Peer 1: 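Once you've had a glance at the structure underneath, I'll fire off some questions.
In this text the structure is predicted, and so the values were computed from the model without any measurement. So that the names make sense, note that chain A is the first sequence line, chain B the second, and so on, each numbered from 1.
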Amino acid sequence: MKKFGFPKALRVTRTGDFARIQGRGRRIHGRRVTLAFDRNRRGETRVGITVSAKQANSPERNRFKRLVREVFRRTRRAWPVGFDYVVIAKEPKAIRSYDDMEIELAGVVRRVDAR
RNA sequence: GAAGUCGAACAGGUGAUCGCUCGCGGCCGCAAGGUCGCGGGAGGAAAGUCCGGGCUCCAAAGGGCGUGGUGCUGGAUAACGUCCUGUCAGGGUAACCUGAAGGAAAGUGCCACAGAAAACAAACCGCCGCGUCGGACGUCGAAAGGCGUCGGGUGCGGUAAGGGUGAAACGGUGCGGUAAGAGCGCACCGGGGCGUCGGAGACGAGGCUCGCACGGUAAACCCCACCUGGAGCAAGAUGAGGGGUCGCUUCGUCGAAAGGCGAGGCGCGGGUGACCCGCCCGAAUCCCCGGAGUCGCUUGAGGGGCGCGGCAACGCGUCUCCCAGAGGAAUGAUCAUCGCCGCGCAAGGGCAACUGCGCGCGGGACAGAACCCGGCUUAUGGUCGUGCUUCGACA
RNA sequence: UGGGGCGUCGCCAAAUGGUAAGGCCGUGGACUCUGGAUCCACCAUCUGGGGGUUCGAAUCCCUCCGCCCCAG
């Protein structure tokens with residue numbers, strides 16, 4: 001597998017998975033995002049993204065998702081393995097650049113590791 | 001140079017690195033998939049979903065009655081509420097812009113408040129004439145009373161100029177006319193009717209004629225003309241799998257009978273929609289339901305060049321190109337560099353207004369395909385045009 | 001993505017095209033030693049925004065904005 005690839009197999013796509021992770025899983029609240037996560041039995045790290053239509057219009061939502069994917073793609077090895085994650089946007093408009101997103105996600109992922 | 005107006009195209013470019021997705025090909029894998037190479041990968045509005053069409057299903061989309069829509073002319077188009085062209089009306093010095101712009105003489109409704117009166121006209125105040133009642137003053141008379149003037153009440157008649165309300169008052173202004181007035185008469189303006197000429201037509205020009213008859217409202221009902229069946233790609237197809245097999249009756253036929261088979265009638269249910277008629281189906285290679293799978297899914301009223309026709313919208317011919325197909329939903333991230341815009345400093349030029357090499361900082365809008373097209377509407381930073389108009393200066 | 005519906009005072013809500021009812025809340029006053037209750041008075045100038053039709057628009061028409069519901 002590519003070193004920094006992000007194939008579809010590493011994404012959470014099914015509505016049932018989202019419901020499980022956000023319902024049964026635990027949550028960590030950052031300033032601008034919430035990270036929900038739940039253990040999976042795959043030995044892999046998967047991620048899904050949620051951003052409400054009320055918070056941003058379509059291009060802004062797309063940008064938020066792309067930044068999340070980009071950060072995940074580059075820093076995946078730093079995320080605890082064996083979990084499914086859902087990144088939930090709280091203030092998508094407050095994250096303007098790649099660097100903003102990387103700092104924000106690093107903050108919440110570090111606290112996953114602490115538990 | 002300033003202000004304005006119209007129109008068109010574009011929607012930053014290039015490179016590197018790391019990624020996503022689709023197609024084709026190679027390799028690995030039982031398969032799911034992985035990997036390598038090549039090629040493609042958001043918009044002018046992809047948006048709002050306000051119209052129109054294609055496509056799909058509803059048996060066909062038939063008749064009636066509705067419902068909804070459109071509404072100056074002629075044209076364009078697959079179609080439209082769109083576009084073009086012309087007309088009229090309104091705005092602007094102009095370029096140019098704006099207009100749901102048929103019918104109020106088929107009928108119905110409504111026109112609050114105010115006002116005499118709000119729609120077949122009528123007549124409250126007023127004005128005028130005649131009659132009548134009594135009063136004041138003048139005058140004549142001895143008196144009774146007569147005559148005249150003024151103002152008042154009242155009856156009959158004439159009148160619609162004046163009054164003042166209102167968004168709107170049954171043509172307007174002026175002169176004549178009259179007891180007072182009045183299209184009663186005349187002039188001009190407005191309006192109605194009928195020919196003529198021009199135009200394909202909306203309409204325009206001009207003539208004759210009628211003293212004038214028709215308040216407004218149809219984005220009120222309505223009338224006229226034209227259009228209009230319903231749903232929507234979550235359509236629909238496929239489909240692992242699941243479920244279902246109308247009632248009464250007549251006739252024919254087979255049978256000993258029970259019953260089977262065939263044809264029909266009535267009912268019931270369903271297709272089926274605003275409603276009615278009509279039509280179809282009720283059973284075994286049939287009907288109903290049915291996954292996030294697969295198909296539908298991108299070659300199309302398609303883009304570009306050239307030529308021809310047309311004022312134009314657009315059409316015709318020819319050559320050429322293939323140009324997104326995702327599905328918790330791709331089309332991205334970072335860096336470099338060039339270009340653009342704004343601000344600050346500022347070499348140089350110029351009498352000055354000003355211009356501005358270069359350097360630094362900042363900015364780069366609105367917005368994301370979801371079956372596909374044609375429009376409309378709304379959002380939006382900037383660039384462009386020997387475009388057009390008006391004004392100013394100079395020659 | 002497609003299909004429907006609704007916006008009137010801080011809240012709940014009425015209004016044939018003719019002065020934007022009413023209730024709750026609030027504010028002021030009366031009554032009371034004080035409070036409550038009661039009574040009286042006040043409370044929409046932009047009827048979600050902008051245009052249009054009409055003498056006149058919350059109402060009719062056009063166009064934007066916001067919210068809600070349905071189909072998964």
Side-chain angles (χ1 to χ4, degrees):
Chain A
M1 189 177 287
K2 296 176 188 173
K3 191 176 178 184
F4 292 113
F6 184 33
K8 190 145 292 179
L10 297 183
R11 300 184 192 181
V12 177
T13 58
R14 298 303 174 92
T15 300
D17 290 338
F18 275 90
R20 191 194 82 240
I21 296 160
Q22 296 183 54
R24 200 184 71 189
R26 305 173 69 183
R27 288 170 182 243
I28 293 172
H29 297 280
R31 184 177 297 277
R32 291 166 292 191
V33 302
T34 292
L35 185 68
F37 60 99
D38 187 38
R39 193 173 295 279
N40 63 29
R41 290 180 171 76
R42 298 168 185 270
E44 284 177 340
T45 306
R46 302 198 307 163
V47 69
I49 308 164
T50 291
V51 49
S52 165
K54 285 187 177 181
Q55 294 173 311
N57 63 20
S58 184
E60 288 164 342
R61 290 197 301 276
N62 278 341
R63 177 162 177 79
F64 180 88
K65 292 177 175 180
R66 284 164 179 161
L67 287 172
V68 171
R69 282 197 292 267
E70 193 68 14
V71 170
F72 178 74
R73 189 172 68 78
R74 289 176 178 276
T75 66
R76 192 175 79 236
R77 287 167 300 170
W79 296 47
V81 180
F83 289 93
D84 285 343
Y85 298 92
V86 173
V87 177
I88 302 163
K90 290 169 79 174
E91 291 184 49
K93 292 180 179 179
I95 295 175
R96 297 174 170 279
S97 68
Y98 175 86
D99 290 339
D100 285 349
M101 183 62 78
E102 185 167 25
I103 291 165
E104 184 72 21
L105 289 181
V108 290
V109 169
R110 195 184 314 116
R111 290 161 64 190
V112 173
D113 204 22
R115 299 194 183 195

Peer 1: Sequence neighbours excluded, which residues qualify as salt bridge (Lys or Arg N to Asp or Glu O under 4.0 Å) partners of A:Arg96?
Peer 2: none

Peer 1: Kindly indicate whether the side chain of A:Arg69 and the base of B:C20 share any N or O donor-acceptor pair separated by less than 3.5 Å?
Peer 2: no

Peer 1: Given the C1' atoms of B:A45 and B:C50, what is the spacing between them in whole Å?
Peer 2: 16 Å

Peer 1: By the rule that syn is within 90° of 0, classify the base conformation of B:C120 as syn or anti.
Peer 2: syn

Peer 1: What's the CZ-C1' distance between A:Arg63 and B:U334, to the nearest Å?
Peer 2: 11 Å

Peer 1: Can you check the distance between B:G368 and B:G33, where both ends of the measurement are the C1' atom (answer in whole Å)?
Peer 2: 30 Å

Peer 1: What integer number of Å spans the P atoms of B:G328 and B:U294?
Peer 2: 11 Å

Peer 1: Between A:Asp99 and A:Pro59, who's closer to the 5' end of RNA chain B by nearest nucleotide?
Peer 2: A:Asp99

Peer 1: Glycosidic conformation of B:A42, syn or anti, with 90° from 0 as the boundary?
Peer 2: syn

Peer 1: State the syn/anti category of B:G44 according to its glycosidic angle, syn meaning within 90° of 0.
Peer 2: syn

Peer 1: Starting at CD of A:Glu60 and ending at C1' of B:A379, how long is that distance when rounded to a whole Å?
Peer 2: 14 Å

Peer 1: Please give the nucleotide sitting opposite C:C39 as a Watson-Crick or G-U wobble pair, both distances under 3.5 Å, or none.
Peer 2: C:G29

Peer 1: May I have the distance from A:Arg96 (atom CZ) to B:U334 (atom P), rounded to whole angstrom?
Peer 2: 14 Å

Peer 1: What is the pairing partner of B:G195, taking Watson-Crick or G-U wobble pairs with both distances under 3.5 Å in any strand?
Peer 2: none

Peer 1: Quick one, which residues of residues 47-58 of chain A touch RNA chain B with a heavy atom under 4.0 Å?
Peer 2: A:Ile49, A:Thr50, A:Asn57, A:Ser58

Peer 1: Applying the Watson-Crick and G-U wobble criteria at under 3.5 Å, what pairs with B:G25? Answer none if nothing qualifies.
Peer 2: B:C36

Peer 1: Pull up the glycosidic torsion of B:G195 and say syn or anti, syn being anything within 90° of 0.
Peer 2: syn

Peer 1: Donor-acceptor pair under 3.5 Å: do we get one between A:Arg66's side chain and the base of B:G19?
Peer 2: no

Peer 1: Select base, sugar-phosphate, or nothing to describe what A:Arg61 touches, counting heavy atoms under 4.0 Å on all strands.
Peer 2: nothing

Peer 1: Please list, chain by chain and in numerical order, all residues satisfying ring-ring contact (aromatic ring centres under 6.0 Å, His included) with A:Phe83, sequence neighbours excluded.
Peer 2: A:Phe37

Peer 1: Once you apply a heavy-atom cut-off of 4.0 Å, does A:Val12 come out as touching a base, just sugar-phosphate, or nothing?
Peer 2: sugar-phosphate

Peer 1: Could you tell me how far apart A:Glu70 (CD) and B:U21 (C1') are, to the nearest whole angstrom?
Peer 2: 15 Å

Peer 1: Classify the glycosidic conformation of C:U38 as syn or anti, calling it syn when the angle lies within 90° of 0.
Peer 2: anti

Peer 1: Between B:U334 atom C1' and A:Arg74 atom CZ, what is the distance in whole Å?
Peer 2: 6 Å

Peer 1: Using side chain to side chain donor-acceptor pair (under 3.5 Å) as the criterion, list what pairs up with A:Arg69, not counting sequence neighbours.
Peer 2: none

Peer 1: Name all pairs fulfilling the salt bridge (charged side-chain N to carboxylate O under 4.0 Å, His left out) condition that reach into residues 79-94 of chain A, sequence neighbours left out, sorted by first residue then second.
Peer 2: A:Arg20-A:Asp84, A:Arg46-A:Asp84

Peer 1: Tell which nucleotide pairs with B:U17, taking only Watson-Crick or G-U wobble pairs whose two distances are both under 3.5 angstrom.
Peer 2: B:A333

Peer 1: Starting from P on B:G19, measure out to CZ on A:Arg77 and report it in whole angstrom.
Peer 2: 11 Å

Peer 1: Using whole Å, report how far CD1 of A:Ile21 lies from C1' of B:G328.
Peer 2: 11 Å

Peer 1: Strictly below 4.0 Å: does A:Arg11 bring a side-chain N or O up to OP1 or OP2 of B:C20?
Peer 2: no

Peer 1: Which heavy atom of A:Arg27 sits nearest a heavy atom of A:Ile88, and at what distance?
Peer 2: NH1-CD1, 3.9 Å

Peer 1: Please determine whether residues A:Val108 and A:Met101 belong to a single hydrophobic cluster, defined as Ile, Leu, Val, Met, Phe, Trp and Tyr linked transitively by side-chain heavy-atom distances below 4.5 Å.
Peer 2: yes

Peer 1: Could you tell me how far B:A11 sits from B:G382 if I compare only their C1' atoms? Round to whole Å.
Peer 2: 9 Å

Peer 1: For C:G2 and B:C233, measure between their C1' atoms and round to the nearest Å.
Peer 2: 10 Å

Peer 1: Between B:A79 and B:U228, how far is it from one C1' atom to the other, in whole Å?
Peer 2: 13 Å

Peer 1: Using heavy-atom distances to pick each residue's nearest nucleotide on RNA chain B, tell me which of A:Phe18 and A:Leu67 is more 5'.
Peer 2: A:Phe18

Peer 1: Both distances under 3.5 Å, Watson-Crick or G-U wobble: report the partner of B:G1, or none.
Peer 2: B:C391

Peer 1: Can you tell me the Watson-Crick or wobble partner of B:C10, both distances under 3.5 angstrom?
Peer 2: B:G382

Peer 1: Taking the same atom, P, in B:G375 and in B:G273, what whole-Å distance lies between them?
Peer 2: 37 Å

Peer 1: Can you tell me how far C1' in B:C280 sits from the matching atom in B:C286, rounded to whole Å?
Peer 2: 16 Å

Peer 1: Round to a whole Å and report the spacing from CG of A:Asn62 to C1' of B:G328.
Peer 2: 12 Å

Peer 1: Restricting to non-hydrogen atoms, name the atom on A:Ala94 and the atom on A:Asp100 that form the minimum distance, rounded to 0.1 Å.
Peer 2: O-OD2, 4.1 Å

Peer 1: Is any NZ, NE, NH1 or NH2 atom of the basic residue among A:Arg66 and A:Glu70 found under 4.0 Å from an Asp or Glu carboxylate oxygen of the other?
Peer 2: no

Peer 1: Provide the full list of ring pair (Phe, Tyr, Trp, His ring centres under 6.0 Å) pairs with a residue in residues 84-108 of chain A, sequence neighbours left out, each pair given once.
Peer 2: A:Trp79-A:Tyr85

Peer 1: Is A:Phe64 reachable from A:Ile28 through a run of I, L, V, M, F, W or Y residues, each pair having side-chain heavy atoms under 4.5 Å apart?
Peer 2: yes

Peer 1: Which base sits across from B:U178 as a Watson-Crick or G-U pair, both distances under 3.5 Å?
Peer 2: none

Peer 1: Any strand counts, and the cut-off is 3.5 Å on both contacts for Watson-Crick or G-U wobble. Which nucleotide pairs with B:G362?
Peer 2: B:C341

